[in-house]
Protein chains: 2
Amino acid sequence: MPDLPLERIDPDSDRAAFRQIADHLRTLIQRGTLQPGDRVPSEARLMEHYGVARMTVRQALQVLRSEGLVVAEHGRGVFVRERPRVRRLASDRFARGHRARGKATFIAEVEESGSKPTVDTVEVTEEEADADVAERLGLQAGARVIVRRRRYLIDGRPAETAVSYLPAQIAAGTAIARPDSGPGGIYARLEELGHHLARFTEEVRSRMPLQEEARALRLPAGVPVFHLIRTAYDTTGRPVEVCDTVMSSDAHVLQYELPAQ
Amino acid sequence: MPDLPLERIDPDSDRAAFRQIADHLRTLIQRGTLQPGDRVPSEARLMEHYGVARMTVRQALQVLRSEGLVVAEHGRGVFVRERPRVRRLASDRFARGHRARGKATFIAEVEESGSKPTVDTVEVTEEEADADVAERLGLQAGARVIVRRRRYLIDGRPAETAVSYLPAQIAAGTAIARPDSGPGGIYARLEELGHHLARFTEEVRSRMPLQEEARALRLPAGVPVFHLIRTAYDTTGRPVEVCDTVMSSDAHVLQYELPAQ
DNA sequence: TAGTGGTCTAGACCACGGT
DNA sequence: CCGTGGTCTAGACCACTAA
């Protein structure tokens, strides 16, 4: 720690002292002098080195935290953030072939990558669809829908939360309305019910997490989330499911194929 | 402003005062009591109302800023962030039909939505491909590539930055290597050169912006960026372009089609 | 127990925006 | 000019971690 090539603050610079300190540390991180998992010098050391008050040092560290570059651990120190293993979500992940083995998409996919998938809360209710969901499902506002809420984990770490909405007219009273939807998951059930899946559309957004999302996904500061809204259509063109998914953006890369026509 | 239903701090709560203040204000924003563009009470008012020191109030506001909920304007006040108009990027946006009118993809798309597109820096160079680009283009490390860097604006506001890489073997000496690549853009030129485009793959990431990105896209704090890496393949399966794009996540929704096979 | 970060105070001076 | 947010100081006490 004491050997880090820390520069000094330029008192003639227009740039605020805390920004200069943040710049120095950011450079060390981006150059790899400070590696993921390494400890950043303590606030006390930084105060001494730069000759500034504690709040100035803390402001510099706050900048780096909101950039997602470091995480603070109370009582331990501030560390360069470690990047989790990235999960690639390919655009063919809902293709029928992947369901053949009697496993839901998430389970099959994660097991294939050598990790342990778990699903930790499955809550199934019947509710009135809100305006957005009703529109996506082509239903009247306030129509009844089966709602499946769950959280997926990989090796015990939260990976994504998902909420599925299906028309009650289709799903009520079937295995889809039970927590354990059986082998192959709800898509297998839909096909058994005669709703052969033809295509999916997926909308991708990104934003900073809400507080509950940061908690549910154990997100450090400075890490945005992907927000996906997927709609499944059967071969008649009818929308049969809307799935609303939130996942950490630093553990995921989405991959799509675009047609050239 | 003075009529806002601000609560008081619960001194017995475990939750820090600045978090309670942030919670109160967040609730007002999420309930719509404070609308986008509205001014949040000034630091002085908040200090007075909650009976805390200025730094405590500022910490609360800092929380909301890094959540992307408010923006501070020096000398004016703190305002609930206004959401820009959202641009939808559909997965067929590179389909041949959309190029027919002799316009590059971005120009055609933005004009269709009734806004004014501009491209403000086109810098074209020939460089050595870095390892990642070389791999994506199926080239030897260090192979020569034509690099096109530009920034796109909608109604004068920066929308995205993009850097395209094409094998020099294909593009050197052609209109692709000139700032103005001519009607229909570089994809039209590639097809004239016999590289008929068959498909594209797109990788989607999201993260907090680097400093230059925040500057180039005029991003307020708390707004992540989409980082897209698109590869274009010709009908022989050869990758002919890699395009690296960064865009504000709050002005964009990406939309894709997924096959059910 | 020593060292770390988390919270909070009560000031100070400055730069910016609009009157 | 006044009110706004931006920067900075020099303390204080607390809670957590690890030895």
Side-chain angles (χ1 to χ4, degrees), chain A residues 1-2 4 8-25 34 37-66 69-81 211 214 220-222, chain B residues 1-2 4 8-25 34 37-66 69-81 211 214 220-222:
Chain A
M1 229 68 59
L4 276 181
R8 316 228 139 255
I9 290 175
D10 172 3
D12 299 331
S13 169
D14 279 346
R15 199 157 175 78
F18 78 88
R19 289 191 199 285
Q20 293 187 49
I21 298 173
D23 292 346
H24 294 172
L25 296 173
L34 282 170
D38 283 357
R39 194 170 145 218
V40 172
S42 74
E43 295 177 357
R45 275 185 197 283
L46 292 172
M47 286 167 68
E48 196 196 347
H49 176 86
Y50 290 107
V52 295
R54 180 153 176 232
M55 283 308 297
T56 305
V57 162
R58 282 183 64 78
Q59 234 175 322
L61 293 171
Q62 168 61 35
V63 170
L64 301 179
R65 271 200 291 168
S66 66
L69 295 176
V70 304
V71 292
E73 293 183 37
H74 196 171
R76 297 221 313 133
V78 176
F79 300 85
V80 179
R81 187 161 65 96
Q211 298 219 305
Chain B
M1 228 68 58
L4 275 179
R8 317 229 138 254
I9 291 174
D10 173 4
D12 298 331
S13 168
D14 279 347
R15 198 157 175 77
F18 78 89
R19 289 190 199 285
Q20 294 187 48
I21 298 173
D23 292 346
H24 295 171
L25 295 173
L34 282 170
D38 283 356
R39 195 169 144 216
V40 172
S42 73
E43 295 177 356
R45 275 186 196 284
L46 293 171
M47 286 167 67
E48 197 196 347
H49 175 86
Y50 290 107
V52 296
R54 180 155 177 231
M55 283 310 296
T56 306
V57 163
R58 282 184 63 78
Q59 234 175 322
L61 293 172
Q62 166 62 34
V63 169
L64 301 180
R65 271 199 291 167
S66 67
L69 295 176
V70 304
V71 292
E73 295 184 35
H74 195 171
R76 296 219 314 131
V78 177
F79 300 84
V80 179
R81 188 161 66 92
Q211 298 219 304

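Bear in mind that the values here come from a model prediction, so they are computed numbers and not experimental data. Order of the sequence lines fixes the chain letters, A, B, ..., with proteins taken first and strands second; residue numbering starts at 1 for each chain.
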query = Taking C-beta and beyond as the side chain, do A:His49 and A:Pro41 meet within less than 4.5 Å on heavy atoms?
reply = no
Within the sub-3.5 Å range, which N or O atoms of nucleotides 1-4 of chain C have a protein N or O partner, and how far apart are they?
{"residue": "C:dG3", "atom": "N2", "partner": "A:Gly75", "partner atom": "O", "Å": "3.1"}
{"residue": "C:dT4", "atom": "OP1", "partner": "A:Ser42", "partner atom": "OG", "Å": "3.4"}

(Q) Check this for me, if you would: do B:Asp23 and B:Arg15 make a salt bridge, where the nitrogen-to-carboxylate-oxygen distance has to be below 4.0 angstrom? (A) yes
Using the 3.5 Å cut-off, write out each protein N or O paired with an N or O of nucleotides 8-12 of chain C and the distance between them.
{"residue": "C:dC8", "atom": "OP1", "partner": "B:Ala17", "partner atom": "N", "Å": "2.6"}
{"residue": "C:dC8", "atom": "OP2", "partner": "B:Ala17", "partner atom": "N", "Å": "3.4"}
{"residue": "C:dC8", "atom": "OP2", "partner": "B:Phe18", "partner atom": "N", "Å": "3.2"}
{"residue": "C:dT9", "atom": "OP2", "partner": "B:Ala53", "partner atom": "N", "Å": "2.8"}
{"residue": "C:dT9", "atom": "OP2", "partner": "B:Thr56", "partner atom": "OG1", "Å": "2.5"}
{"residue": "C:dA12", "atom": "N6", "partner": "B:Arg54", "partner atom": "NH1", "Å": "3.3"}

From CD1 of A:Ile21 across to P of D:dG6 the rounded distance in Å is 18 Å
CZ of B:Arg58 to CG of B:Leu46, rounded to nearest 0.5 Å, is 12.0 Å
Partner of B:Ile21 under side-chain contact (heavy atoms from CB on, under 4.5 Å), picked from B:Val52, B:Leu64, B:Leu61, is B:Val52
* **B:Ser13 side chain vs B:Asp10 backbone, donor-acceptor pair below 3.5 Å** => no
The helix from C:dT1-D:dA18 to C:dG18-D:dC1: angle between terminal helix axes, five bp per end, to the nearest 10 degrees, reads 20°
Sorted by chain and number, sequence neighbours left out, salt bridge (Lys or Arg N to Asp or Glu O under 4.0 Å) with B:Arg65 holds for none
query = So do the side chains of A:Phe79 and A:Val70 get within less than 4.5 Å of each other, counting heavy atoms only?
reply = no
Taken to the nearest whole Å, CZ/A:Arg58 to P/D:dT7 is 16 Å
With sequence neighbours left out, the residues meeting side chain to side chain donor-acceptor pair (under 3.5 Å) with B:Arg19 are none
### Query
With no hydrogens and no angle check, is any side-chain donor or acceptor of A:Glu43 less than 3.5 Å from a backbone partner on A:Val57?
no
Sorted by chain and number, sequence neighbours left out, side chain to side chain donor-acceptor pair (under 3.5 Å) with A:Glu48 holds for none
